[in-house]
Amino acid sequence: MLRLPQRDLRCHQCALRLSCCVNAGDNGIALIGFMGAGKSAVGRELSRRTGWPRHDTDEMIREQFGISIPDIFARHGEPAFRDAETTLLKTLQRGLTGVVVTGGGIILREENVRLLRGMGRIIWLDADEEILWQRASRYSTRPLLQTPDPRAQFAELLRERLPFYQTAADYRINTSSSTIAEVTDEIIALL
Ligand code: S3P
């Protein structure tokens, strides 16, 4: 596991570095990462092993709209989904102990990253691109991959997002050749 260098994001309220300020409530874990990184599976295992409640933003947004994520994108558009992510993070109680499992694009908004930092440490689950692709393309539930050339779109999105994950994360775990249990062990070692 890689401990990432301090980022230089600032708290909007007091202008301190986020790592000094919002991250004061270091009592939860937020999992970020690209599609196929294993966030949902690791989140479930982490919640089971710690007994902490699990808050899966995709699941909660699906329930809120009462339709699947591809249908949310198709009927309401991606901006509505992104707004729902931010609104949901605001409603998740600050300082609450828990495991927050996020969708791959949640880090695109700086506000979301700030809210996640208020919930504890941010762990970036990563893997080699080909492995991410193999995992993510197994199911057709990703609206962003419903394009004529999903593989190229996948590579492009990953390239665009890497700096966002890098900036947001406290820790990066490469899950390419680890089991769900092994990744969970690594996270538990941080607690
Ligand atoms: C998205 C990833 C999805 C889901 C939505 C958008 C993204 O979650 O939030 O389809 O922008 O990368 P997973 O990362 O769990 O696939």
Side-chain angles (χ1 to χ4, degrees), residues 1-9 17-60 85 88-89 92-108 112-139 141-142 154-155 157-191:
M1 181 195 329
L2 204 58
R3 174 77 171 97
L4 295 168
Q6 297 274 299
R7 70 206 53 71
D8 201 21
L9 282 176
R17 285 172 66 96
L18 286 175
S19 50
C20 313
C21 172
V22 182
N23 209 23
D26 246 0
N27 49 0
I29 291 287
L31 300 178
I32 62 167
F34 201 58
M35 298 172 248
K39 302 176 299 279
S40 301
V42 170
R44 270 192 292 274
E45 180 66 4
L46 192 56
S47 167
R48 192 185 67 76
R49 302 243 320 255
T50 56
W52 290 0
R54 184 177 57 92
H55 311 282
D56 182 315
T57 60
D58 279 355
E59 259 178 44
M60 294 167 92
E85 285 184 317
L88 179 58
L89 291 183
L92 286 174
Q93 212 186 335
R94 198 172 149 163
L96 182 84
T97 299
V99 179
V100 182
V101 177
T102 64
I106 209 152
I107 38 66
L108 295 172
N112 293 349
V113 174
R114 183 168 56 81
L115 290 162
L116 288 170
R117 293 191 65 73
M119 298 169 192
R121 274 162 288 188
I122 301 184
I123 315 271
W124 171 17
L125 300 186
D126 194 20
D128 301 340
E129 178 176 333
E130 198 46 43
I131 291 179
L132 288 172
W133 168 250
Q134 281 165 19
R135 294 178 188 159
S137 56
R138 237 174 261 154
Y139 309 102
T141 54
R142 268 97 178 189
F154 189 82
L157 282 174
L158 180 59
R159 192 188 56 75
E160 279 171 17
R161 289 184 181 175
L162 284 175
F164 289 88
Y165 296 123
Q166 177 84 32
T167 301
D170 294 307
Y171 296 91
R172 176 182 188 172
I173 298 178
N174 190 326
T175 69
S176 297
S177 51
S178 309
T179 63
I180 292 163
E182 285 165 346
V183 176
T184 307
D185 286 341
E186 281 199 58
I187 297 172
I188 285 178
L190 296 171
L191 303 177

Chemist: From Arg161 CZ over to Leu158 CG, what is the distance, rounded to the nearest 0.5 angstrom?
Modeler: 9.0 Å

Chemist: Taking the side chain as every heavy atom from C-beta outward, state whether Ile187 and Ile173 have any atom pair closer than 4.5 Å.
Modeler: yes

Chemist: Can Asp126 and Arg172 be said to form a salt bridge (Lys or Arg N to Asp or Glu O under 4.0 Å), step by step?
Modeler: CA-CA 7 Å; Asp126 194 20; Arg172 176 182 188 172; 2.7 Å; yes

Chemist: Please tell me whether Ser40 and Arg54 have a donor and an acceptor in their side chains that are separated by less than 3.5 angstrom.
Modeler: no

Chemist: Tell me if a side-chain donor or acceptor on Arg142 pairs with a main-chain N or O of Ala136 at a distance below 3.5 Å.
Modeler: yes

Chemist: Less than 4.5 Å apart, any side-chain heavy atom of Asp128 and any of Asn174?
Modeler: yes

Chemist: Distance from Ile123 atom CD1 to Leu31 atom CG, nearest 0.5 Å?
Modeler: 7.0 Å

Chemist: Check this for me, if you would: do Asp56 and Lys39 make a salt bridge, where the nitrogen-to-carboxylate-oxygen distance has to be below 4.0 angstrom?
Modeler: no

Chemist: If we only count heavy atoms from C-beta on, is the Thr175 to Ile180 side-chain gap below 4.5 Å?
Modeler: no

Chemist: Do the side chain of Ser47 and the main chain of Pro53 share a donor and acceptor less than 3.5 angstrom apart?
Modeler: no

Chemist: Please determine whether side-chain contact (heavy atoms from CB on, under 4.5 Å) holds for the pair Val99 and His55, giving the CA-CA distance in whole Å, both sets of side-chain angles, and the decisive distance to 0.1 Å.
Modeler: CA-CA 6 Å; Val99 179; His55 311 282; over 6 Å; no

Chemist: Taking the side chain as every heavy atom from C-beta outward, state whether Arg49 and Thr184 have any pair of such atoms under 4.5 Å apart.
Modeler: yes

Chemist: To the nearest 0.5 Å, what is the distance between CZ (Phe34) and CZ (Arg159)?
Modeler: 11.5 Å

Chemist: Hey, does Trp124 have a side-chain heavy atom less than 4.5 Å from the side chain of Ile107?
Modeler: no

Chemist: Judged by atom type as modelled, is there a donor-acceptor pair below 3.5 Å linking the side chain of Asp170 to the main-chain atoms of Arg121?
Modeler: no

Chemist: Measure across Arg135 and Ala127 and return the closest heavy-atom pair with its distance rounded to 0.1 Å.
Modeler: NH1-CB, 4.0 Å

Chemist: So do the side chains of Leu92 and Met119 get within less than 4.5 Å of each other, counting heavy atoms only?
Modeler: yes

Chemist: Is the shortest heavy-atom distance from the side chain of Ile32 to the side chain of Leu125 under 4.5 Å?
Modeler: no

Chemist: Please check: side-chain N/O of Arg138 versus main-chain N/O of Trp133, any donor-acceptor pairing under 3.5 Å?
Modeler: no

Chemist: Using atom types as modelled and distance alone, determine if a side-chain donor or acceptor of Glu186 lies under 3.5 Å from a backbone N or O of Val183.
Modeler: no

Chemist: Is there side-chain contact between Thr167 and Val113, with heavy atoms separated by less than 4.5 Å?
Modeler: no

Chemist: Rounded to the nearest 0.5 Å, what separation is found between the CG atom of Leu88 and the CD atom of Glu59?
Modeler: 11.0 Å

Chemist: Judged by atom type as modelled, is there a donor-acceptor pair below 3.5 Å linking the side chain of Tyr165 to the main-chain atoms of Gly104?
Modeler: yes

Chemist: Report the C-alpha separation of Val100 and Ile29 in whole Å, then their side-chain angles, then the decisive distance to 0.1 Å, and conclude whether the side-chain contact (heavy atoms from CB on, under 4.5 Å) test is met.
Modeler: CA-CA 6 Å; Val100 182; Ile29 291 287; over 6 Å; no

Chemist: Please report the interatomic distance CD1(Ile106) to OG1(Thr57), rounded to the nearest 0.5 Å.
Modeler: 4.0 Å

